Amino acid sequence: MKKQLSLLLTATALLGACSKKEKEENTNKPTVEVDQTAFSKSQVAAIEKIVHAYVVKNPNVLAESIMNLQKQVADKQQERVVELLKKYRSDIDHASGLPMIGPAGADTTLIMFGDYVDSKSKAMFKMYQNVMAKDKKFRVAVRFLPDASALAQKTARVAIALNKQGLFVKFHDKMLATSEMLTETSLMDIAGNLPGVNRTKLEADVDAADTKEALLNNRSLAEKLGITQVPGYVVGDFLLKQAITPEDLDLVLKKIREQK
């Protein structure tokens, strides 16, 4: 029974693709449901033969059907993403006080969940630097999402603490330029030697309650959005959960700006 139904649905889909015009002309006609049990083995075989012959003569129909199905799936997934982002939009857009990279007058802000200890996150940070060198209307807001290691947690708190002194961008640039293996000692050397840093305030802010709360808020939002590892991003109505290429980002930014 299942095999017969599968064959019939396949035949219907493929034959329907080649008779689009006829389908449109008969839109208002009543639909007749067919009892699938009415097909005999010989009828099923005949359907298979018709489908096979048609696909051989028109291979593009099968490809078109597959592409249409993939598009429907992608559209449905994007609909769910839009609903999810809409539900948590106020939390997502609450970027006040977040470490920010890029021009204040940007028309598009990408929110990145990342971590300096994570190699993929660092690669994405470097990619964004290259993008911002060309695109003066793009910026990145960082929500640090460190793993459970002491070094990752300390690095994220240092970044947030330096942001309170207006030194995050300088720290960010130093972190990306450093090729040596990071330790807690080298981390504090980088932070403590930044021009203009108040070391006493830095040490106090690293362990301040609001610094730790910021990380907890980042974790909570990431979980709501289904981001379980870094890097992850939210930009416009797009939720991305893996590393992306400059070409991918360019397409996303173009799509967002077309909608504005």
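Sequence positions, counted from 1, serve as the residue numbers for this chain. Fair warning: this is a prediction, and the values are worked out from it, not measured in the lab.
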Gap between atom CE of Met124 and atom OG1 of Thr245 - 0.5 Å precision | 8.0 Å
Between the side chain of Thr178 and the main-chain N/O of Lys174, is any donor-acceptor distance below 3.5 Å?
-> yes
Is a side-chain N or O of Glu83 found less than 3.5 angstrom from the main chain of Arg80, in a donor-acceptor match?
-> no
Heavy-atom side-chain contact between Ser121 and Met112 under 4.5 Å = yes
Polar contact flag, side-chain donor to acceptor under 3.5 angstrom, Asn217-Ser220 | no
Which pair of non-hydrogen atoms, one from Ala161 and one from Val206, has the smallest distance, and what is that distance?
-> CB-N, 3.8 Å
Check: Met127 and Leu249 side chains under 4.5 Å, non-hydrogen atoms = yes
Answer with yes or no whether the hydrophobic clustering places Leu251 together with Val234; edges join I, L, V, M, F, W, Y residues whose side-chain heavy atoms lie under 4.5 Å apart.
-> no
If only atom types and distance count, is the side chain of Lys241 paired as donor or acceptor with the main-chain N or O of Gly226 below 3.5 Å?
-> yes
Test Phe171 against Gln165 for side chain to side chain contact (heavy atoms under 4.5 Å, CB included), laying out the working first.
-> CA-CA 11 Å; Phe171 175 70; Gln165 296 190 41; over 6 Å; no
Roughly how far, to the nearest 0.5 Å, is NZ of Lys154 from CE of Met188?
-> 5.0 Å
Closest heavy-atom pair, Ala156 versus Leu215, reported as atoms and distance to 0.1 Å, is CB-CD2, 3.8 Å
Co-membership, hydrophobic cluster, residues Met100 and Ile111, 4.5 Å side-chain = no
Do Ile160 and Lys212 have side chains that get closer than 4.5 Å, going by heavy atoms?
-> no
Calculate, to the nearest 0.5 Å, the distance between atoms CG and CD1 belonging to Leu176 and Ile101 respectively.
-> 7.5 Å
Is there side-chain contact between Tyr128 and Leu110, with at least one heavy-atom pair below 4.5 Å?
-> yes
Exercise: do Thr185 and Thr183 side chains pair donor with acceptor under 3.5 Å | no
Going hydrophobic residue to hydrophobic residue with side-chain gaps under 4.5 angstrom, can you get from Met132 over to Leu253?
-> yes
Would you give the length of the straight line joining atom OH of Tyr88 to atom CG of Leu225, rounded to the nearest 0.5 angstrom?
-> 8.0 Å
Indicate yes or no for a side-chain donor-acceptor contact from Gln242 to the backbone of Pro231 under 3.5 Å, with no hydrogens or angles considered.
-> no
What's the shortest heavy-atom distance between Leu145 and Asp115, and which atoms?
-> O-CB, 4.1 Å
Asn218 side chain to Phe144 backbone, donor-acceptor under 3.5 Å | yes
Check: Gln229/Asp118 side-chain N/O donor and acceptor closer than 3.5 Å | no
Trace of the side chain to side chain contact (heavy atoms under 4.5 Å, CB included) decision for Thr108 with Lys137 | CA-CA 6 Å; Thr108 306; Lys137 292 293 185 179; over 6 Å; no
To the nearest 0.5 Å, how far apart are NZ in Lys201 and NZ in Lys164?
-> 6.5 Å
Common cluster, Val235/Leu98, ILVMFWY with side-chain heavy-atom separation under 4.5 Å = no
Answer yes or no: is there a donor N or O on one side and an acceptor on the other, between the side chain of Thr211 and the main chain of Asp205, under 3.5 Å?
-> yes
Kindly determine whether Asn163 and Val142 satisfy side chain to side chain contact (heavy atoms under 4.5 Å, CB included), including the steps that lead there.
-> CA-CA 11 Å; Asn163 189 54; Val142 185; over 6 Å; no
Name the one of Leu239, Leu240, Leu221 that satisfies side chain to side chain contact (heavy atoms under 4.5 Å, CB included) with Ile227?
-> Leu239
Please answer whether the main-chain N or O of Lys170 pairs with a side-chain N or O of Asp173 as donor and acceptor at a distance below 3.5 Å.
-> no
Report the C-alpha separation of Ser186 and Asp189 in whole Å, then their side-chain angles, then the decisive distance to 0.1 Å, and conclude whether the side-chain hydrogen bond (donor to acceptor under 3.5 Å, both in side chains) test is met.
-> CA-CA 5 Å; Ser186 63; Asp189 284 343; over 6 Å; no
What's the spacing between Met175 CE and Phe125 CZ if we round to 0.5 Å?
-> 9.5 Å
Under 4.5 Å between any side-chain heavy atoms of Val140 and Tyr233, yes or no?
-> no
Within a reach of under 6.0 Å around NZ of Lys120, are more than 12 heavy atoms found that belong to other residues, nucleotides or ligands?
-> no
Can Val81 and Asp237 be said to form a side chain to side chain contact (heavy atoms under 4.5 Å, CB included), step by step?
-> CA-CA 7 Å; Val81 166; Asp237 286 333; over 6 Å; no
Which heavy atom of Arg199 sits nearest a heavy atom of Asn193, and at what distance?
-> NH2-OD1, 2.8 Å
Quick check: are there more than 12 heavy atoms from other residues, nucleotides or ligands sitting under 6.0 Å from CD of Glu180?
-> no
Lys122 versus Tyr116, closest heavy-atom pair with distance | CD-O, 3.0 Å
Does a side-chain N-to-carboxylate-O contact under 4.0 Å join Asp91 and Arg143?
-> no
Ala106 and Arg139 have their tightest heavy-atom pair at CB-CG, 3.6 Å
